[in-house]
Amino acid sequence: MPDPNSPGAAPRVRFAPSPTGFLHVGSARTFIFNWLYARHNHGTMVLRLDDTDVERNTDASVQSIFEGLRWLGLDWDEEYKQSERLDLHRAAALQIQEKGLAYRDFTPAHAGDDNQSGAQGAWLCNPGMREMSREESDRRAAAGEPFALRYRVPRGLGRVLRFADSVYGEQTKLADEVEDFALLRSDGMPTYHLASCVDDADLRISHIIRGQDHLTNTFKHLLIFEALGAPAPQFAHLPLLVAPDGTKLSKRKHGPVVSVTTYRDAGFLPRAFINFLCLLGWSPKNDKEFMALDEIRDLFTLEGVNRANAVVNFTEADPFDAKAVWLNAEHIRALPVDELSRLLEPFFAEAGFNPKPGRVELVAPLIRERIKLLSEAVAAADFFFLDRLVPYDPAELIPQKGDAAMARRVIETAEQVLAATRFDHDSLDHALRSMATQLGLKAGQAFQPIRVAVCGRKNAPPLFETLVVLGRDVCLERIRQAEDKLKSLGASDASSH
RNA sequence: GUCCCCGUCGUCUAGCCCGGCCUAGGACACCGCCCUUUCACGGCGAUAACACGGGUUCAAAUCCCGUCGGGGACGCCA
């Protein structure tokens, strides 16, 4: 039997989510690190659904996990479901039991919930069950009494369990301190520990890369691999992703802000999201942060993984870490226009805009540097798609250090100019600057009324480009509407003079 | 409670293994200035950290011990 750990062999890694909720960012990061390790080393990426908890598994969750993974856009090579491999798990349990390494525990389920953990100290085993004779155990089992199968952890031998973690280094623990964990539940279903190890052995997983919350479980897993007669894989535990309150990120405590679909819906680019997650607990150690996926893959090593937990900075008011947002903006800016446009279209559609073909490509370059999330494009570019501008305060038309009369002069003159000028960037630039000079205004003063008239607000993309995309007809129409607004404003103004 | 892990700017981190190049580097955020037709982008700059206490050493963020702090595991959940 070839040893999967033999140096030089292509690694086989796995991501094994349990379908009990949406895919959360911590799981996503584990998936990403596994993928990176596999692809960096030309190995195999296995996706395995750890669905042995029939009580908590849901189809919706399975869908949601695949949805999240598909969005990330990272592939995998093999796919398995533990629920389809139960025979293998049970056979392994039997094999372990026959070797005398496990025993039946007839204690009713949940009987010891109160004292198995917490204030009383660690629970190790029920001696009555561990010590029960083979005869009595067989008799009670034959009589149909339900039982859980527990691993008979070596006790009193002073045995030391050890493994070298790729991230945390040499780890040791006294076997006497490990509790007799369950292998099979009383309903016959394998537990996570059993199923996971049996499958890891069967699928010849060479490297287990997972969250640090499994670090102490690893000693149990070592025992299972040993009982199975399988070589233990190489372990690499990842520092945990924690919330600003310092506790492990969880769906239950922290809600949808930790779901990857929340990031997707807000307009994160998968590449940016991956880039962000990579930087949480890993560093290329060359001060690079904004990286393309290929670059990250080439640079990725387990040696670069840190040991300290990383905080994902979010609040209720602001659900996204500022660095994630910045990286997203960087990736957006790096996107070619056609690709950006394609990604933007669903957001415009969602907002009820129905851009004509090719229109988004015209708009995208104007907002590319002005949005940090794809979803922001809707607010940033609405006036390009709306037939009627959303109502704005006519006072916005008044330029800095100016008055309504100045605004009126600008608008009226602009109408003439726009009607007579070719609608290309340079012509408009030239014409409108001359207009400003003629009116004795600074460019900024002259442009603001026009900008507000055509965009409906002060903050907008550069004026000339915007006018070109909007086209003469729309611009003139909006200029006239602004004129009307100004008239009503000007009337009251005049009376006060 | 028991066992395990961790502790550098607000946050992500480099440096730690192999002490001196560290008056601790980068990034985000924040603030200021510049650029500029608004907003943004970009450029420049400022503020900001070695948890604490002992030791070893000519020299410690780096090595050792302790303390404190945080986290994780301890389930017939995964």
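Residue numbers begin at 1 in each chain, while the letters A, B, ... track the order of the sequences.
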Has the side chain of [X] got a donor or acceptor atom sitting under 3.5 Å from an opposite partner on the base of [N]?
X: A:R56; N: B:C77; value: yes
X: A:R370; N: B:C39; value: yes
X: A:E289; N: B:G26; value: yes
X: A:D287; N: B:G25; value: yes

Categorize [X] for me: base, sugar-phosphate, or nothing, with a 4.0 angstrom heavy-atom threshold over every strand shown.
X: A:S186; result: base
X: A:F464; result: base
X: A:G281; result: sugar-phosphate
X: A:P146; result: nothing
X: A:N217; result: base
X: A:P239; result: nothing
X: A:E55; result: nothing
X: A:K458; result: base
X: A:L463; result: base
X: A:H214; result: base

Pairwise [atom1] distance, [M] and [N] [rounded to whole Å]:
N: B:U67; M: B:C30; atom1: C1'; result: 35 Å
N: B:U62; M: B:G55; atom1: P; result: 14 Å
N: B:G25; M: B:A48; atom1: P; result: 12 Å
N: B:G32; M: B:U47; atom1: P; result: 15 Å
N: B:C65; M: B:U56; atom1: P; result: 15 Å
N: B:C22; M: B:A14; atom1: C1'; result: 12 Å
N: B:A60; M: B:G19; atom1: C1'; result: 6 Å
N: B:A29; M: B:C44; atom1: P; result: 15 Å

Practice problem: Kindly say whether the aromatic ring centers of A:F15 and A:F33 come within a distance under 6.0 Å. | Solution: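 Ring centroids of A:F15 and A:F33 are no less than 6.0 Å from each other.
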From the options [options], select the nucleotide whose nearest atom is closest to the side chain of [X].
X: A:K372; options: B:C41, B:G71, B:C77; answer: B:C41
X: A:L215; options: B:U38, B:C4, B:G7; answer: B:C4
X: A:A322; options: B:C77, B:C28, B:U37; answer: B:C28
X: A:Q212; options: B:C5, B:G75, B:C28; answer: B:C5
X: A:L240; options: B:G72, B:C39, B:C12; answer: B:G72
X: A:R451; options: B:A27, B:C41, B:U38; answer: B:U38
X: A:A443; options: B:C3, B:U37, B:C6; answer: B:U37
X: A:K173; options: B:U37, B:C6, B:C3; answer: B:C3
X: A:E330; options: B:A73, B:U38, B:G42; answer: B:G42
X: A:R333; options: B:G71, B:G42, B:A78; answer: B:G42

Practice problem: List the steps and the verdict of salt bridge (Lys or Arg N to Asp or Glu O under 4.0 Å) for A:R14 and A:D199. | Solution: CA-CA 10 Å; A:R14 48 57 158 193; A:D199 283 334; over 6 Å; no
Given atom [atom1] of [X] and atom [atom2] of [N], what is their separation to the nearest angstrom?
X: A:L238; N: B:C12; atom1: CG; atom2: C1'; answer: 15 Å
X: A:D213; N: B:C3; atom1: CG; atom2: P; answer: 21 Å
X: A:F181; N: B:C3; atom1: CZ; atom2: P; answer: 20 Å
X: A:L49; N: B:C77; atom1: CG; atom2: C1'; answer: 16 Å
X: A:F447; N: B:U36; atom1: CZ; atom2: C1'; answer: 12 Å
X: A:F235; N: B:G72; atom1: CZ; atom2: P; answer: 22 Å

Between [Y] and [X], do the side chains contain a donor N or O and an acceptor N or O under 3.5 Å apart?
X: A:S427; Y: A:D424; value: yes
X: A:Y192; Y: A:N217; value: no
X: A:S166; Y: A:H207; value: no

Exercise. Please work out which of the three classes, parallel, tilted or perpendicular, describes the rings of A:H221 and A:H214, given edges at 30° and 60°.
Key: tilted
Quiz item: With under 30° as parallel and over 60° as perpendicular, where do the rings of A:F181 and A:Y151 fit, or are they tilted in between?
Solution: parallel
Need the pair for [N]. Rule: Watson-Crick or G-U wobble, both distances under 3.5 Å, any strand; none if unpaired.
N: B:U36; result: none
N: B:C63; result: B:G55
N: B:C28; result: B:G10
N: B:C77; result: none
N: B:C22; result: none

Does [N] have OP1 or OP2 sitting under 4.0 Å from an N or O in the side chain of [X]?
X: A:K288; N: B:A27; value: no
X: A:T52; N: B:A78; value: yes
X: A:K323; N: B:A27; value: no
X: A:R185; N: B:A78; value: yes
X: A:N306; N: B:A14; value: yes
X: A:N286; N: B:G26; value: no
X: A:K248; N: B:A73; value: yes

Quiz item: Looking at A:F147, does the NZ or CZ of A:R140 lie under 6.0 angstrom from its six-membered ring centre and within 45 degrees of the ring axis?
Solution: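 No; the conditions do not both hold, so A:R140 does not lie above the ring face of A:F147.
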Quiz item: Within 45 degrees of the axis of the six-membered ring of A:Y392 and under 6.0 Å from its centre: does A:K458 put its NZ or CZ there?
Solution: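 No, A:K458 and A:Y392 do not form such a contact.
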Exercise. Please test A:F320 against A:F273 for ring-ring contact (aromatic ring centres under 6.0 Å, His included), starting from the C-alpha separation and ending with a verdict.
Key: CA-CA 11 Å; A:F320 304 117; A:F273 182 66; 9.1 Å; no
Quiz prompt | Of A:Q171 and A:Q82, the one whose closest RNA chain B nucleotide lies more 5' | solution = A:Q171
